Amino acid sequence: PKLRLVSAFRPLLRALLGLGAAAAAVFGYSALLSLAVQAGQPLSGTWEGTARKDALEVQLQLELRGRGRQVQGAFFNGEERVTSTSGQVEGDTVHLEFAHYATRLVATLQDGKLRGNYGSARNGQFALELQPRRKPRAWTSPAPDISGLWILPTDSAKGERAFRFIVRQQGPRVQASILRVDGDTGLLTGGYANGEFRLDHFDGGRAYVLRATRRPDTSASRCSNRR
C-alpha cells in the first residue's frame with residue numbers, strides 16, 4: 001500500500017524556546033467559577049474553531065477556566081494542556097498571555113462566538129473564531145487502516161532524506177506524529193471523512209494541518225510527501 005499526503009504539515013508558528021514539550025500548568029484553581037461577560041454568557045469551558053493565517057486554516061480547542069475576572073486559558077497537545085501564564089476578562093474581551101511563547105491572545109465575545117487574534121509582532125497573528133464545544137466531530141466509518149510506522153521521503157535544508165510518520169488509529173479516529181531531526185510535530189489528531197484523513201495540531205507554539213489518502217500500490221510500501 002502507499003500513503004499519499006495531499007497537503008502535509010505546515011508549521012507557521014515556532015516557540016521561542018524550541019520544539020520540545022510545552023510548559024506545564026503554572027497555576028490551577030481549586031474551585032472553578034463561571035466567567036461571565038456583560039451579556040451574561042459564561043466563558044468557562046472548552047471552545048473550538050479555527051485559527052487562520054495566510055493560506056493555513058487549522059482546527060483547535062481552547063479551554064477557559066477562571067475565578068472572577070482572572071482567567072486561565074489552555075491549548076492542547078493531545079491530552080497535555082499548554083496553559084497561559086496570565087489572563088483576565090475586561091468587559092466581553094478575554095486577554096491571555098503565554099510568556100513561554102512571547103505570544104498574546106485577545107478575543108471578544110460576539111453573537112455567541114469568540115473572535116480575535118493570537119500571536120506576536122515577531123511571528124504574526126492568527127485570526128481566531130471559536131464557539132462553545134458541543135459534541136465531538138462525526139468521522140466516517142469504515143476508514144482505511146493507516147496505523148503503524150510510515151516513511152515520508154523528503155529533501156530538507158537540514159540534510160534529511162526522510163521523516164518518520166507514526167500513526168495510532170481507532171476506527172476512523174487517528175492520532176499521529178511526524179519525527180524530524182530537530183524534533184516532532186506534537187500530537188496530530190483528527191479522522192477520516194470525505195475520502196481522506198485530516199489531522200490538525202495547534203498548541204500555541206506549533207500549527208500544522210495534514211491531509212492524507214491511502215491508495216493500493218503493490219510496488220511500494222512507502223509514503224510520498226508534498227508540502
Side-chain angles (χ1 to χ4, degrees), residues 11-54 56-137 185-187 189 200-209:
L12 292 183
L13 183 63
R14 300 297 182 92
L16 294 179
L17 301 181
L19 293 170
V26 177
F27 61 92
Y29 295 111
S30 57
L32 298 180
L33 303 180
S34 293
L35 298 170
V37 296
Q38 294 174 353
Q41 178 174 350
L43 291 177
S44 290
T46 301
W47 296 72
E48 62 183 6
T50 58
R52 296 184 179 90
K53 182 180 180 184
D54 301 325
L56 177 68
E57 179 178 301
V58 58
Q59 298 176 2
L60 75 150
Q61 292 186 356
L62 172 69
E63 182 187 72
L64 294 177
R65 299 181 179 183
R67 175 183 295 162
R69 294 195 174 277
Q70 301 302 307
V71 60
Q72 182 186 69
F75 296 118
F76 291 90
N77 177 21
E79 296 184 358
E80 178 188 3
R81 299 170 68 253
V82 183
T83 58
S84 61
T85 51
S86 64
Q88 61 183 350
V89 177
E90 296 180 356
D92 55 2
T93 300
V94 177
H95 300 261
L96 298 175
E97 298 280 349
F98 293 80
H100 40 282
Y101 292 150
T103 55
R104 174 182 297 178
L105 182 151
V106 179
T108 300
L109 185 64
Q110 301 173 338
D111 301 323
K113 295 184 177 182
L114 278 174
R115 296 184 176 93
N117 294 284
Y118 171 81
S120 66
R122 177 178 179 179
N123 293 316
Q125 298 287 328
F126 283 88
L128 303 180
E129 183 171 317
L130 307 171
Q131 60 188 7
R133 185 175 188 232
R134 293 180 174 86
K135 60 181 180 180
R137 178 174 176 177
T185 59
L187 191 65
T189 59
D200 293 79
H201 178 89
F202 191 96
D203 64 4
R206 296 169 291 188
Y208 301 91
V209 175

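Keep in mind that what you see is a predicted model, and the values were worked out from it rather than measured.
The side chain to side chain donor-acceptor pair (under 3.5 Å) test applied to Gln88 returns Glu90, not counting sequence neighbours. Not a single side chain to side chain donor-acceptor pair (under 3.5 Å) links Gln131 to another residue, sequence neighbours left out. Evaluation of the salt bridge (Lys or Arg N to Asp or Glu O under 4.0 Å) rule for Arg137 yields no partner, not counting sequence neighbours. Residues passing the side chain to side chain contact (heavy atoms under 4.5 Å, CB included) test with Ala51 are Val58, Leu60, Phe126, Leu128, Phe202, sequence neighbours excluded. A search for salt bridge (Lys or Arg N to Asp or Glu O under 4.0 Å) contacts involving Glu48 returns Arg133, not counting sequence neighbours. For Glu63, the side chain to side chain contact (heavy atoms under 4.5 Å, CB included) partners two or more places apart in sequence, or in a different chain, are Thr46, Arg65, Ala74, Phe76, Arg81.
Rounding to the nearest 0.5 angstrom, the gap separating the CG atom in Asp203 from the OG1 atom in Thr185 is 9.5 Å. Here the CG-CG distance, from Leu96 to Leu64, works out to 6.5 Å after rounding to the nearest 0.5 Å. For the atom pair OH of Tyr101 and CZ of Arg206, the computed distance is 6.0 Å after rounding to the nearest 0.5 Å. Rounding to the nearest 0.5 Å gives a distance of 11.5 Å between NZ of Lys53 and CG of Asn117. A distance of 5.0 Å separates OG in Ser86 from CD in Glu97, rounded to the nearest 0.5 Å. The distance from atom CH2 of Trp47 to atom CD of Gln61, rounded to the nearest 0.5 Å, is 13.0 Å.
The shortest distance between side-chain heavy atoms of Thr93 and Val106 falls below 4.5 Å. Between His100 and Thr85 there is a side-chain heavy-atom pair separated by less than 4.5 Å. Looking only at side-chain heavy atoms (C-beta outward), Gln110 and Asp92 stay at 4.5 Å or farther from each other. Counting heavy atoms from C-beta on, the side chains of Leu56 and Val209 come closer than 4.5 Å. Looking at heavy atoms from C-beta onward, Thr50 lies out of side-chain contact with Leu130 at the 4.5 angstrom threshold.
A donor-acceptor pair is defined here as one N or O able to donate and one able to accept, closer than 3.5 Å; such a pair exists between the side chain of Ser84 and the backbone of Gly73.
In plain terms, the two heavy atoms of Ser44 and Gly66 that are nearest each other are OG-N, 4.2 Å. The shortest heavy-atom contact between Leu187 and His201 is O-ND1, 2.8 Å. Closest approach of Pro132 and Gly112 over heavy atoms only: CD-O, 3.6 Å. Across all non-hydrogen atoms, the minimal contact from Ser120 to Ala102 is CB-O, 3.3 Å. For Tyr118 against Thr103, the heavy-atom pair with the smallest separation is OH-OG1, 2.7 Å. Leu62 and Phe75 get closest at one heavy-atom pair: CD1-CE2, 3.9 Å.
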